[in-house]
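Structure first, then comments.
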Amino acid sequence: MRLYNTLTRREEEFVPQEAGVVRMYACGPTVHDRFTIANARAFLTFDVLRRYLEFKGYKVLYTQNITDIEDRIIKKGEALGSSAQEVAERYTQAFFEDRELLGILPPTYQPRATEMVPKIIEFIQGLLERGFAYVVDGDVYFRVRRFKDYGKLSGKNLEELAAGASGRVEPDPRKEDPLDFALWKVAKPGEPAWDSPWGKGRPGWHIECSVMAQATLGTTLDIHGGGQDLIFPHHENELAQSEALTGRPLARFWVHNGLVMAGGQEMHKSLGNFEYARDVVARHGREAVRLFFLLRHYRKPMDFSHKALAEAQAAVERVYNFLEEIEAQGALAPTRAEPRSPAEQEFSAYLATVRAEFEREMDADLNTAGALGVLFELVRRTNTFMQETAPHDRSLLRRAGELIRELGRPLGLFQEEPKVRAKVTLSGRARIIAGAEEEIIAGNVEELINLLVEVRGELRAKGEFALADRIRARLNELGIELRDKEGGTRWRLRLKGKEQ
RNA sequence: GGCGGCGUAGCCAAGAGGUAAGGCCAGGGUCUGCAAAACCCUCAUACGCCGGUUCGAGUCCGGCCGCCGCCUCCA
């Protein structure tokens, strides 16, 4: 597989250090709030990379941090009149919930910054001993100019940085150089603090990632990931402090996903142009959100819009309609034992190429959009085959369905059972937008709908179409869609957002 | 100013120097009591503009135009 490496600014063949094992680290949340749909892109990108590496047979050791001590957490605690710890705990749990809503698999290791304080102190001491850090009034700073490779990841040089920084921020006169960054911050009154050789304080902004990566995965990672906005300063600083300490590369591949735009600008909390990921999932459904991202290359910037999400929703529906049809057909009758016709042979030969096509796209720097093109083509061609070649060998249809399932797995798509989707969606929404009472009602709603559908069916049988149509229209207004098929009437929920 | 990226049909989007994937919309059809849904078909002489290299260029090179990100809060 080839991956674009930010460090070399090239696509390179990815080979892990140890055969068959991938050590991967990706930046996780700072738990001061729920995460946005823009944050979701990063989490999802590395979820898919991880899933695909596993699909290819690698054992993936994946670490993601939870930063549970930071300025914004402390501020939020002050604003709410609760402790920073309470805020962090609350949003850590919220992170787990929202992650599950998106179908993101938990990493192998998920350390929290506050659990790592002794190791962080040890790490900083190592830097002090090597002359890469210095203490001022209980703060500890990293001596940027001492690390000669500083800027190699972000492509910056020290002179330009110094020139740029001088106009933008007040240089702290206690620092030897304006570019030096904090490894350890002295505690202010009332703030959470830990004992250290330099007095009471807390970790700086970048240190926890370096320490967690080393503690869980070792000195050199195969892949270090995150959003492009983290390249500088976060990852540059991580790289500097880790490599200064160990003398070894922190990561062989640096992988960065593109940003999410809204209204022509980067989506960001401070700009107010954001939406919470969970709200978008509630409105459009989990797989539509995943497809929305995976239909675009992970490194490109992309626009967020409900229109685009609704498009993804329609595309997801199409695949499930296909699976429903295929799996119903597959169950119907045994496969014919007769020799295959030329059309069947041709289709069979095509099916045999699909998996390789899919992998070829994914191997090209995780081209999920190209890979999805392969899957949609499979859907279309199978539908055509089903329609134009009759009778046909059903085992070929089954194989097509299996391919969608199998190749959908590394994308985290198309894994649900078509027949229970309405139910899953319903209870999922009830959980998101309402409390326990609604959840009980939600459990009965399905039966109520079935009852109405049944009554309407009897009316139709008697030719009383006016009343039957009224039931259908009223249910439709409620977001419940009826379809009269040969074997009876099926129904499904229509998620909001499609009306746009 | 420095560094990085982007500009492909109505919208979104992939693209391997060799003759434009895919999704959504739209139009036409099949099916249906009528619908809806589903499915099929159609839908870029063309890839921001101008030059160049090449037998051949969205794809490589140069210049220009437009948009975005980063340059110590950020996924």
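Heavy-atom basis, side chains included; hydrogens, waters and symmetry copies ignored. Each chain gets a letter, A, B and so on, in the order its sequence line appears, and its residues count up from 1.
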B:A20 and B:U59, which share atom name C1', separated by this distance in whole Å: 11 Å
B:G22 and B:C73, which share atom name P, separated by this distance in whole Å: 45 Å
A:His224 and A:Tyr25 aromatic ring geometry - parallel, tilted or perpendicular at 30°/60° bounds: tilted
Nucleotide nearest A:Glu361 (side chain, heavy atoms from C-beta), chosen from B:A14, B:G69, B:C39: B:A14
Sugar-phosphate only, base, or nothing, as touched by A:Arg296 at under 4.0 Å among non-hydrogen atoms: sugar-phosphate
Nearest-Å distance for atom pair CZ/P, residues A:Phe376 and B:C39: 11 Å
Which nucleotide in B:C11, B:A13, B:C71 has an atom nearest any side-chain atom of A:Ala369: B:A13
B:G10 versus B:U42 - spacing of their C1' atoms, nearest Å: 15 Å
Nearest listed nucleotide, side chain of A:Tyr4, among B:C41, B:G5, B:C24: B:G5
Donor-acceptor pair present, A:Arg460 side chain and B:G33 base, under 3.5 Å: yes
Near-ring test A:Tyr276/A:Phe35, centroid separation under 6.0 angstrom: no
Interatomic distance at P, B:C31 relative to B:C25, whole Å: 23 Å
Donor-acceptor pair (no angle test) under 3.5 Å: A:Arg472 side chain, B:A36 base: no
A:Arg318 side-chain N/O to B:G23 phosphate OP1/OP2 under 4.0 Å: yes
Distance, P atom - from B:A57 to B:G66, rounded to whole angstrom: 28 Å
Sugar-phosphate, base or nothing in reach of A:Ala315, heavy atoms under 4.0 Å: sugar-phosphate
Pairwise side-chain contact, A:Glu11 with A:Asn5, heavy-atom cut-off 4.5 Å (strictly under): no
Sugar-phosphate only, base, or nothing, as touched by A:Asp469 at under 4.0 Å among non-hydrogen atoms: base
Sugar-phosphate only, base, or nothing, as touched by A:Thr6 at under 4.0 Å among non-hydrogen atoms: nothing
Within 45° cone and under 6.0 Å: A:Arg10 NZ/CZ vs A:Tyr4 ring: no
From B:U72, B:C70, B:C11, nucleotide with atom closest to A:Lys156 side chain: B:C70
Options B:G15, B:G23, B:C74, nucleotide nearest the side-chain atoms of A:His297: B:G15
Short side-chain N/O contact to B:G15 OP1/OP2 from A:Asn367, under 4.0 Å: yes
Parallel, tilted or perpendicular, as decided by the 30° and 60° cut-offs, for the rings of A:Phe414 and A:Tyr320: perpendicular
Between B:C3 and B:U45 - P atom distance, rounded Å: 38 Å
Face-to-face contact A:Phe465 to B:G33 six-ring, under 5.5 Å, under 30°: yes
Cationic N near anionic O, under 4.0 Å, A:Arg474 to A:Asp469: no
Anti versus syn assignment for B:G10, with syn defined as within 90° of 0: anti
Which nucleotide in B:U72, B:C39, B:C70 has an atom nearest any side-chain atom of A:Pro178: B:U72
Nucleotide B:A14, atom P - distance to CZ of A:Phe293 in whole Å: 14 Å
Separation between the C1' atoms of B:A46 and B:U8, rounded to whole Å: 9 Å
A:Pro301, nearest nucleotide to its side chain (from B:C73, B:G5, B:G69): B:G5
Residue pair A:Val144, A:Asp177: steps toward the side chain to side chain contact (heavy atoms under 4.5 Å, CB included) verdict: CA-CA 8 Å; A:Val144 166; A:Asp177 188 287; 5.8 Å; no
Donor-acceptor pair under 3.5 Å, A:Glu266 side chain vs B:G69 base: no
Sugar-phosphate, base or nothing in reach of A:Ile231, heavy atoms under 4.0 Å: nothing
Sugar-phosphate only, base, or nothing, as touched by A:Lys300 at under 4.0 Å among non-hydrogen atoms: sugar-phosphate
Span that lies between the P atom of B:G23 and that of B:C65, in whole angstrom: 38 Å
